[in-house]
Amino acid sequence: MSDTFLFSSESVNEGHPDKICDQVSDAVLDACIREDPSSRVACETCTKTGMVMIFGEITTTATVNYEQVIREALKDIGYDDVNKGLDYRTCNVIVAIEEQSPDIAQSVDANKIEDLGAGDQG
């Protein structure tokens, strides 16, 4: 038996695209549950110089202007100049959101424990 233990983890600094994406996704979630606490939000975010895209499945009764939420999140983070890689006022924003699949909703909404699923976790 080996006495060696290997531990590995990833850490990213402020301004890293992963941090931006996390904050944008969190802002979208917050906007949905602010109006509809029962919102189902499976939202991912990706970013590149001059562009932010959200995509996934959201089922909510809330009325959310996703583009505005994204731009506001970028502004709060401090992306206000193209020289920083993003300007919240002029960057390309892509929203590719659909409602949650009825098949997934059926498993989440099941009344019997044996029919209950974990959504789209696979």
Side-chain angles (χ1 to χ4, degrees):
M1 186 163 159
S2 174
D3 290 334
T4 303
F5 177 78
L6 178 64
F7 178 80
S8 174
S9 67
E10 176 188 34
S11 177
V12 296
N13 292 326
E14 182 178 329
H16 187 281
D18 285 352
K19 297 274 187 193
I20 298 167
C21 292
D22 288 345
Q23 290 179 355
V24 169
S25 292
D26 287 349
V28 170
L29 172 63
D30 290 346
C32 290
I33 63 174
R34 187 175 300 118
E35 275 187 54
D36 176 11
S38 298
S39 294
R40 293 191 179 152
V41 180
C43 176
E44 296 289 338
T45 303
C46 63
T47 187
K48 176 101 178 90
T49 303
M51 186 275 298
V52 176
M53 175 178 163
I54 63 168
F55 55 99
E57 296 181 341
I58 297 178
T59 300
T60 185
T61 60
T63 302
V64 179
N65 181 333
Y66 296 113
E67 181 177 348
Q68 181 180 348
V69 169
I70 293 166
R71 291 188 188 282
E72 195 64 35
L74 294 173
K75 179 181 176 184
D76 291 346
I77 296 168
Y79 282 97
D80 56 3
D81 189 318
V82 293
N83 293 318
K84 295 178 181 178
L86 281 170
D87 183 335
Y88 74 92
R89 294 170 289 241
T90 60
C91 68
N92 187 19
V93 173
I94 301 168
V95 176
I97 298 293
E98 298 175 348
E99 274 198 33
Q100 184 182 50
S101 157
D103 293 334
I104 294 171
Q106 177 183 347
S107 294
V108 176
D109 293 334
N111 291 320
K112 294 190 288 186
I113 192 74
E114 60 270 15
D115 294 334
L116 192 61
D120 63 352
Q121 312 265 324

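Nothing here was measured: the structure is a model prediction, and the numbers come from that model.
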If hydrophobic clusters are built by linking Ile, Leu, Val, Met, Phe, Trp and Tyr wherever their side-chain heavy atoms come under 4.5 Å apart, do [X] and [Y] end up in the same one?
| X | Y | result |
| --- | --- | --- |
| Met51 | Phe55 | yes |
| Met53 | Val28 | no |
| Val93 | Tyr66 | yes |

- Item | Residue that, paired with Leu74, satisfies side-chain contact (heavy atoms from CB on, under 4.5 Å) out of Asp80, Thr47, Ile20, Val69 | Ile20

- Check the pair Val82 / Thr90 against side chain to side chain contact (heavy atoms under 4.5 Å, CB included), numbers first and verdict last. CA-CA 8 Å; Val82 293; Thr90 60; 4.0 Å; yes

For [X], what residues pass the salt bridge (charged side-chain N to carboxylate O under 4.0 Å, His left out) criterion, not counting sequence neighbours?
| X | value |
| --- | --- |
| Arg89 | Asp87 |
| Lys75 | none |
| Asp22 | none |

- Side chain proximity check, Ile54 to Ile97, heavy atoms < 4.5 angstrom: yes

Looking only at heavy atoms, which two atoms of [X] and [Y] are closest? And how far apart?
| X | Y | answer |
| --- | --- | --- |
| Asn83 | Asp81 | N-OD1, 2.7 Å |
| Cys32 | Ala62 | O-CB, 3.6 Å |
| Gln23 | Ile77 | OE1-CG1, 2.7 Å |

- Task: Calculate, to the nearest 0.5 Å, the distance between atoms CZ and CD belonging to Arg71 and Glu67 respectively.
- Result: 4.5 Å

- Task: Working to the nearest 0.5 Å, report the span between OG of Ser25 and CG of Asp30.
- Result: 10.5 Å

- Please check if atom CD in Glu44 has more than 12 non-hydrogen atoms from other residues, nucleotides or ligands closer than 6.0 Å. no

- Message: Could you check whether any side-chain N or O of Asp36 sits under 3.5 Å from a backbone N or O of Thr60, counting only pairs where one atom can act as donor and the other as acceptor?
- Response: no

- Verdict with supporting geometry, Val95 and Ile70, side chain to side chain contact (heavy atoms under 4.5 Å, CB included): CA-CA 10 Å; Val95 176; Ile70 293 166; 4.2 Å; yes

